[in-house]
Every structure is written in structure tokens, then in C-alpha cells.
Visitor: 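Provided herewith is a single structure, encoded as C-alpha cells, for subsequent inquiry.
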Amino acid sequence: MSKRNWLITGISSGIGKALAEEVMKNGDFVIGTFRKKEQVEVFNATFKNRGVAFQLDVTDRQAAEKMLDAIKREIGNVDVLVNNAGVGFIGAIEESSLEEVSGVFEANFFGALHLTKLVLPQMRAERKGHIVQISSHAGIKAFAGFGVYNASKFALEGMSEALAQEVNPLGIRVSIIQPGPFRTNFANTSLPEAKQVIDDYQDTAGAFRLKLKSVDGKQEGHPGKAATTIFQHVNSASSSLRLPLGKVPFTTINMKLEEVKKDLELNKDIGMICVYED
């Protein structure tokens, strides 16, 4: 197999960093993004001929377009796009301002959507390519206090599910990765929170805030093992759209499936009467 070019956003830490290392270890080429200039300089000095980094905030659409132009001009086509960059956010829905919600969606949904749209013309022309969306088990199962983040990942999953149906006949694969809690910087002290705190939500959203912070550094997930699994999945002939990672997602996603199934059964008779008789 010839060397492939992987465009991976957000490779400064966590699964993104581990995946970039896994890709280079296996002989493919990494095009990675960092938000800080000094991180770009260190990466480019360290991994010459194995990868190249660009400074990018995925919410900056003009910068993303310029980066893709530079990649086409200086490196070539993107074979695998991994939309990994994103942000967390905790807070009850009522506590969260529209500005805060918009910021989460710009990073987690619109940033990924824009980069996906930028690489698709090239992938369509070649009739090949792979788009990997880093979602979360929280992209299918919602939790009190996590609703804004949930919504951004639900949107990413809905878009990606439809996209997979649109591009599969064109030879392009789409994968939705659903990690559970991983030992990354996600839940550390820099995790964004709603600025407003409402006492009435302390037993729901407030409890979730405390729980999420309490597991920082103790999460079950191993980023290196996740990276290996993702790399193997991309190399495989698997037709699965979703790839849960870790033990927790298999519990939470099954909980969601059972909840939906229960609602379907409970409301089948009254729901089915809302149709024309002819």
C-alpha cells in the first residue's frame, strides 16, 4: 500500500496526538494542526519527512481554506481526514448562554463540517478517501449538565450518518468514532463551563460537573490503544459506520437503545393512529 496523507486536526494531546504518532509509526504521512505557533515549530523540527504541521483554529474558515490550498500545492491530496479538534463544555441548558453554545458548535460541528466539505471535491474526483469523525458516546446518549456538548456531537453524528449514505457509492468511507472517558486533558481544569450557575440545577447539572472533574486522570480509556484501534479500523474492510471505544460506551449506548425501544413500544398504538385511512 502506498503512503497515505492523513489530515488530523488537534494533535497537541489526547487521542489526536496518539493517532498522529501511530500513523507516522506505520509509515503514513501526517498533516496535523495545532492552535499555537510554537507547537507547530516543534513538530516540524521533530518530524521532518514524516509529517508537517499547520497552525489552525478550526473555527477560522478562511484559515482552513488557505491550509487546504497549501496542502494541495505543497503535499498533495488528503487520503484520510480525521476531524478530531473540538471542545468540551459543561452546564445546564438554561445556564448556557447562546454565545457559549455557538462557540461549542463552531468548534465541534461547523469546523468539522467545513473541513469535510473542503476535502470532498478531491475525494470525489479520485473516487476514494476516508473521513473519520471523532464524536463521543455522548453523541448518542445525553446527560444532564452535558446537553450543549451532546447537541454538538448529535449534530456531527446526524450529518455524518447522512454523508456516509451520500458518498459510499462514490468510493468514500465515513467512520464515526465514539470514545468513552479517556485519560486525556478533556476533563481537566481548563474544561469550559457555563458562566451562569443556577442553584435549582445543582442536583443534576451541578452533580455532573463535580463527577466529570473528579475522574480527571482516572478515566479508563488509553489514548494509545484508541489510536491503534482507529488506525486498524481505517485499514480494515469494515463496513461499520460507528466505532465505540472503551467499556463505558457499550453501556451508555445500549441504555439509549433500550430507552428508545421502550418509548417505541409504549407509544406504538397511539402513534400509529395519526395516519390517513385511505
Visitor: Any donor and acceptor pair, going by atom type alone, linking the side chain of Asp28 with main-chain N or O of Val23 inside 3.5 Å?
Guide: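 Not a single qualifying donor-acceptor pair exists.
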Visitor: Which donor-acceptor pairs under 3.5 Å do side chains of residues 97-104 form with protein atoms, sequence neighbours excluded?
Guide:
| unit_1 | atom_1 | unit_2 | atom_2 | d |
| --- | --- | --- | --- | --- |
| Ser97 | OG | Glu100 | N | 3.0 |
| Ser97 | OG | Glu100 | OE1 | 3.3 |
| Glu100 | OE1 | Ser97 | N | 3.0 |
| Glu100 | OE2 | Lys195 | N | 3.0 |

Visitor: For residues 138-153, pull every pair meeting salt bridge (Lys or Arg N to Asp or Glu O under 4.0 Å), keeping only residues two or more places apart or in separate chains.
Guide: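 Salt bridge (Lys or Arg N to Asp or Glu O under 4.0 Å) check on residues 138-153 returns Lys141-Glu259.
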Visitor: Going by side-chain heavy atoms closer than 4.5 Å, which hydrophobic residues are tied to Val260, directly or by a chain of links?
Guide: Leu264
Visitor: Where do Pro249 and Pro244 come nearest, in terms of heavy atoms and distance?
Guide: CB-CB, 3.9 Å
Visitor: Quick one: ring-ring contact (aromatic ring centres under 6.0 Å, His included) partners of Phe47, sequence neighbours excluded?
Guide: Phe43
Visitor: Side chains of Asn77 and Asn5: does their closest heavy-atom pair fall under 4.5 Å?
Guide: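 Not touching, per the 4.5 Å side-chain cut-off.
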Visitor: If you link ILVMFWY side chains whenever their heavy atoms are less than 4.5 Å apart, which other residues fall into the same cluster as Leu257? By chain and number, please.
Guide: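 Its cluster mates, by chain and number, are Ile140, Ile253.
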Visitor: Tell me which pairs pass side chain to side chain donor-acceptor pair (under 3.5 Å) where either residue lies in residues 36-54, with sequence neighbours left out.
Guide: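 Applying side chain to side chain donor-acceptor pair (under 3.5 Å) to every pair that reaches into residues 36-54, excluding sequence neighbours, yields nothing.
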Visitor: Applying salt bridge (Lys or Arg N to Asp or Glu O under 4.0 Å), which residue pairs with at least one partner in residues 230-243 are found, sequence neighbours left out?
Guide: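 Of all non-adjacent pairs touching residues 230-243, those that pass salt bridge (Lys or Arg N to Asp or Glu O under 4.0 Å) are Glu157-Arg242, Glu161-Arg242.
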Visitor: Looking only at side chains, do Ser135 and Gln178 share a donor and an acceptor under 3.5 Å apart?
Guide: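 No - no donor-acceptor pair under 3.5 Å links their side chains.
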Visitor: Quick one: list whatever passes ring-ring contact (aromatic ring centres under 6.0 Å, His included) with Phe109, sequence neighbours left out.
Guide: none
Visitor: Are Arg35 and Asp57 within salt-bridge range, i.e. N to O under 4.0 Å?
Guide: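 Looking at Asp57 together with Arg35, the answer is yes, because their closest N to O distance falls below 4.0 Å.
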Visitor: With a 6.0 Å cut-off (strictly less than), is the heavy-atom count around CG of Asp203, excluding the residue itself, greater than 12?
Guide: no
Visitor: Short question: side chain of Gln122, backbone of Val78 - any donor-acceptor pair under 3.5 Å?
Guide: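 Present.
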Visitor: Among side-chain atoms of Glu22 and Asn26, is any donor-acceptor pair under 3.5 angstrom?
Guide: yes
Visitor: Is there a side-chain contact between Val132 and Val80 (heavy atoms, below 4.5 Å)?
Guide: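 Heavy-atom side-chain distance check passes, below 4.5 Å.
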Visitor: Sequence neighbours excluded, which residues qualify as ring-ring contact (aromatic ring centres under 6.0 Å, His included) partners of Phe143?
Guide: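 Here the qualifying residues are His137.
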Visitor: State, yes or no, whether a side-chain contact exists between Leu243 and Ser175 at a heavy-atom distance under 4.5 Å.
Guide: no
Visitor: Hey, does Phe89 have a side-chain heavy atom less than 4.5 Å from the side chain of Asn108?
Guide: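 Counting from C-beta outward, Asn108 and Phe89 never come under 4.5 Å.
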Visitor: May I ask you to test the Ile230-Leu245 pair for a side-chain heavy-atom distance under 4.5 Å?
Guide: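 Yes, their side chains come closer than 4.5 Å.
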Visitor: Would you check if the side chain of Thr9 reaches a backbone N or O of Asn84 as a donor-acceptor pair within less than 3.5 Å?
Guide: yes
Visitor: Should we count NZ of Lys256 as having more than 12 external heavy atoms under 6.0 Å?
Guide: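 Yes, enclosed.
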Visitor: State the CG-CG distance between Leu115 and Leu81, to the nearest 0.5 angstrom.
Guide: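 Answer rounded to 0.5 Å: 6.0 Å.
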Visitor: Which pairs count as ring pair (Phe, Tyr, Trp, His ring centres under 6.0 Å) when at least one residue sits in residues 228-271, sequence neighbours excluded?
Guide: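 Those involving residues 228-271 are Trp6-Phe231.
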Visitor: Any link between Met123 and Val174 through a network of hydrophobic side chains (Ile, Leu, Val, Met, Phe, Trp, Tyr) touching at under 4.5 Å?
Guide: yes
Visitor: When Ile, Leu, Val, Met, Phe, Trp and Tyr are grouped by side-chain heavy atoms lying under 4.5 Å apart, directly or through other members, which residues fall in the same group as Tyr201?
Guide: Ile198
Visitor: What pairs meet the salt bridge (Lys or Arg N to Asp or Glu O under 4.0 Å) rule with one or both residues in residues 101-129, with sequence neighbours excluded?
Guide: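 Every salt bridge (Lys or Arg N to Asp or Glu O under 4.0 Å) pair that includes a residue of residues 101-129, provided the two are not neighbours, is Arg61-Glu106.
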